[in-house]
Amino acid sequence: MGVMNRKPRLTGAIIGGLMLAALPAAAQEPGKVYTDADYARAERFMGYNTTPLLDHAVSTVVWLDDRHFWFKDHDAAGDHFRRADAATGTIADAFDHEALAGALADASGKPMDAAKLPVSGLEITDDGRFDVALGKQHYLCDLQGEPVCEAASGTATRKPAGDDAPGSNAPVVESPDGRLAAFIRDWNLWVRDTATGVETPLTTDGTTDYGYATDNAGWTHSDRPILVWSPDSNRIATFRQDQRRTSEMVLVGTRAGAPEVERWKYPFVGDEHVTMIERVIIDVPARKLVRLDLPPEQHRSTLCDDVSCYGGWEDVQWAPDSASIAFASTSRDHKDTWLRVADAATGAVRTVYHEHVPTYFESGNGRVNWKYLPGSNEFIWFSERSDWGHLYLYDLASGTLKHAITAGEGNVTQVLRVDPDSRTVWFRGVGMEDGRNPYYQHFYKASLDGGDATLLTPEDANHTVTLSPDGTYFVDSYSTPTVPPVTVLRASDDGRTIATVASADDSRLRATGWVPPTPITVTARDGRTTLYGMMFTPTDLDPSKKYPVVNYIYPGPQTGSVRGRSFTAARIDHQALAELGFVVVAIDGLGTPWRSKRFHDAFDGDIGDNTLPDQVAGLKQLAERHPWMDLDRVGVWGHSGGGYATADAMFTYPDFYKVGISESGNHDNRVYEDDWAEKWQGLEVVDAEGNSNYDAQANQARAGNLKGKLLLAHGMMDDNVPPQNTLLVVDALIKANKDFDLLLFPHARHGFGEDSDYMTRRRWDYFVEHLMGATPPRQYRMGAGRD
């Protein structure tokens, strides 16, 4: 990326992620002058250098049918696409890589390397051809004779040949039978015949900011339609979204001449009028719209801060006979959730069940877990009422509890399958086995009629599971932060291993000097709760020296600082930063998920807590164990919610944290979309004197406490956390006559995009200069080892 004019760097240059020569370790003494070679040595621990060195870590598993799946393997020779037969456990190449590369090159007009095929999707057609996706473009390839590929057209995800109508490239949702694809055009919902390309409107009364199936949660906004097709492909459940009185967000682009202005609907905390939805069902063959018999509802989910969490509409489920739907409605503050059932033909609605939670209701962790079982006149409900997330079986007619399906300590996190015939549920869960890391997910099955759950993945590790379409088999990839993954094929009835798919080999990775992070535990602020985290130290750590400490933070409440317990070759730039002579620590404090409900509720209604008391307590305990940690030099950094927590740390603990780098922070959640903050902080309440329950969470209110060095960074086109958040803090610091540093990216969104390398380098520079007391190299260019 932009390194064509870069001059050779002394010794130890990185090529293809491998270190060519050993470099001296970065010294920890203040006053050191860092060189390009020091930064290059650290950069070899970045993900784009380390990830390619991990061999046989299965990165993709896609089931082709109930019996076969394909996956991508990788080793020093390149990428290999493999196909497995689950019934026999046999594994072979999915295709002739050289033949496919040549055929794709002929069809696309672009060179193709058989060892690095950019295949993003693979299906096998009924006639034995391969449907190969290269990004958004698909090719149909016949490799049985003379290899030949041709560009595919006329499918739901592609633009029909010769069709230049506006919206024909819009995102679509394909019907279960594949005949139709639904999409949005001019605020109305349309369908396209995937064979002929003929397009037909399903609604005609959609108007600006009052359209059908539209996707807008403020922080996320796209052209994708939010809907659920019925199993028989004849009906669509969706909504008409009313944003006519919703507030607006405005961003102003930077360019020569008149600026480009982006404007869209963005509801804020405390707004009287926020986005609402009116639920509808559309009979597609009849072009008939049925409005459900209930008033407009909040644009809310039982799981995330959008009505759509993962591109679908997870809180809506069809009956197998397509005659009815069940859906969950959630109050604006997320404290109340109702399960309702609607007749698809008439729109009649019946409320089946209601749950009220004093803090906030969630239906799972990473997946909506309630299930509609009209065949047995039952439903499965997820609740944390016992302080743990468990499944309960209810009578659908009366809404009365039959019994608990799961119980005890530990959480059901994700229900992956329910078989009404065998009355069995399969789910992932955490914390259900004594003596194990409470964040490791395992896979279980349980009877809907009660009894103990059966553990299907016994290894003491974090398990990622991919089920076959019929649920007979599952691919299980298990690992820990320190042990690379083993991927096996298992049977879902008892978890027995059918075949080993791949065992990751980290020998090439370790040969470069790479080391895994150190798992750590500390005690929370309450003096009794065990917290889990990770520590990253220089690979040449000298216990006789003192190392400055960098606290990486993401306070949640929807996730934590560690971000997953599976093996990964790099976690952001933690180890790279450690190689520069720092000790990097990430701790999941009270108020983050995956543990008990009480643990997660720790700072409900006080999101300005930011887990900071736990971070400080944890660092002090670690320093007592490790005298080489220098608590006189503690820095902190984070992005988004971590940027918010970083500035808070510098203002609330100004004598403890000496240097902070706050990126893209939501510093006052009244300048953020309504759903996220109102779930965790509550609805805004303003008293007669104008005081708000949101005043205490606002970073600008305590900016005058700053003592150390603070770098604020934000993308000026950030459509997730608007840049006004950081500018509020900037204004407060100016008025308090405080020195600080500011870095603005004129064209960057929330994650900085192409400016990320620059931000990483400036982050290293800032800690080296102000926390280490050393001199960074001048204008080092990141990304030299990237392909």
Side-chain angles (χ1 to χ4, degrees), residues 300-305 309 314-315 326 328-339 352-372 379-394 399-416 418 425-433 437-442 444 446 448 450 452-453 524 526 529-532 555-560 588-607 609 611 675-676 678-682:
R300 294 290 185 265
S301 162
T302 64
L303 186 65
C304 64
D305 51 333
C309 297
E314 296 80 3
D315 274 314
S329 306
T330 298
S331 61
R332 180 169 175 173
D333 60 6
H334 289 268
K335 297 181 188 299
D336 292 275
T337 296
W338 298 264
L339 182 69
V352 177
Y353 180 73
H354 168 232
E355 178 155 344
H356 172 79
V357 179
T359 53
Y360 48 85
F361 176 82
E362 289 186 304
S363 61
N365 200 322
R367 187 178 290 260
V368 167
N369 285 333
W370 66 266
K371 298 296 175 183
Y372 181 38
F379 67 93
I380 296 172
W381 192 250
F382 175 90
S383 175
E384 296 177 287
R385 66 189 62 164
S386 70
D387 196 37
W388 300 100
H390 283 297
L391 303 177
Y392 299 84
L393 189 67
Y394 279 82
T400 56
L401 174 66
K402 288 189 169 183
H403 55 256
I405 299 172
T406 61
E409 288 195 2
N411 298 311
V412 173
T413 57
Q414 300 171 357
V415 172
L416 299 189
V418 178
V425 56
W426 286 264
F427 61 89
R428 296 175 81 193
V430 295
M432 294 183 173
E433 278 73 44
N437 187 309
Y439 293 92
Y440 286 172
Q441 293 207 68
H442 291 269
Y444 305 83
L448 298 186
D452 293 335
D526 60 9
T529 305
T530 300
L531 304 178
Y532 291 74
Q558 80 280 16
T559 189
D588 283 345
L590 292 172
T592 55
W594 300 99
R595 305 281 292 276
S596 68
K597 175 66 171 171
R598 186 186 307 116
F599 187 104
H600 198 188
D601 283 353
F603 59 84
D604 174 71
D606 180 23
I607 53 178
D609 176 282
T611 77
D675 196 352
W676 187 87
E678 290 182 343
K679 177 178 180 178
W680 309 113
Q681 179 71 15

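Numbers here simply count residues along the sequence, with the first being 1.
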Side-chain donor or acceptor of Asn369 paired with backbone N/O of Leu391 under 3.5 Å: no
Pairwise side-chain contact, Lys679 with Glu362, heavy-atom cut-off 4.5 Å (strictly under): yes
Residues forming a ring-ring contact (aromatic ring centres under 6.0 Å, His included) with Tyr439, sequence neighbours excluded: Tyr532
Interatomic distance, Phe361 atom CZ to Thr337 atom OG1 [nearest 0.5 angstrom]: 5.0 Å
Smallest separation among heavy atoms of Val415 and Lys371, with atom names: CG1-CE, 3.8 Å
Criterion side chain to side chain contact (heavy atoms under 4.5 Å, CB included) on Arg595 and Thr529, from CA distance to verdict: CA-CA 11 Å; Arg595 305 281 292 276; Thr529 305; 4.2 Å; yes
Charged tip of Lys597 within 45° of Tyr360 ring normal and under 6.0 Å: yes
Polar side-chain atom of Gln414 near backbone of Asn365 as donor-acceptor pair, under 3.5 Å: yes
Exceeds 12 heavy-atom contacts within 6.0 angstrom, atom CG of Asp452: no
Student check: side-chain heavy atoms of Phe603 and Thr611 closer than 4.5 Å: yes
Arg385 atom CZ: more than 12 heavy-atom contacts under 6.0 Å: yes
Spatial distance of atom OH (Tyr392) from atom CD (Glu355) [nearest 0.5 Å]: 8.5 Å
Closest heavy-atom pair and its distance - Leu303, Gly364: CD1-O, 3.3 Å
Heavy-atom donor-acceptor pair, Glu314 side chain to Cys309 backbone, under 3.5 Å: yes
Any donor-acceptor pair under 3.5 Å from His334 side chain to Trp676 backbone: no
Distance (rounded to the nearest 0.5 Å) between Glu384 CD and Ser596 OG: 9.0 Å
CG-CG distance between Leu339 and Asp315, expressed to the nearest 0.5 angstrom: 9.5 Å
Smallest separation among heavy atoms of Asp675 and Cys304, with atom names: OD2-O, 4.1 Å
Lys335 side-chain N/O to His356 backbone N/O, donor-acceptor pair under 3.5 Å: no
Flag for Thr413-Asn411: side-chain donor and acceptor within less than 3.5 Å: no
Non-hydrogen side-chain atoms of Glu433 and His442 separated by less than 4.5 Å: yes
Gln441 vs Val430 side-chain heavy atoms within contact, under 4.5 Å: yes
Intermediate values then yes/no, side chain to side chain contact (heavy atoms under 4.5 Å, CB included), Tyr444 and Phe427: CA-CA 5 Å; Tyr444 305 83; Phe427 61 89; 3.5 Å; yes
Side chain Asp336, main chain Ser331, donor-acceptor under 3.5 Å: no
Test side chain to side chain contact (heavy atoms under 4.5 Å, CB included) applied to Arg428 and Arg367, step by step: CA-CA 10 Å; Arg428 296 175 81 193; Arg367 187 178 290 260; over 6 Å; no
For Tyr394, ring-ring contact (aromatic ring centres under 6.0 Å, His included) partners two or more places apart: Tyr353, Phe379
Distance in Å, Asp606 CG paired with Trp680 CH2, rounded so as to fall on 0.5 Å steps: 14.0 Å
Euclidean distance, His600 NE2 relative to Asp387 CG, rounded to 0.5 Å: 12.5 Å
Gly591 versus Ala602, closest heavy-atom pair with distance: N-CB, 3.6 Å
Full working for side chain to side chain contact (heavy atoms under 4.5 Å, CB included) between Phe599 and Leu531: CA-CA 10 Å; Phe599 187 104; Leu531 304 178; 3.7 Å; yes
Contact summary for Ile607 and Gln681, nearest pair of heavy atoms: N-OE1, 3.0 Å
Qualifying residues under ring-ring contact (aromatic ring centres under 6.0 Å, His included), relative to His354, sequence neighbours excluded: Trp338
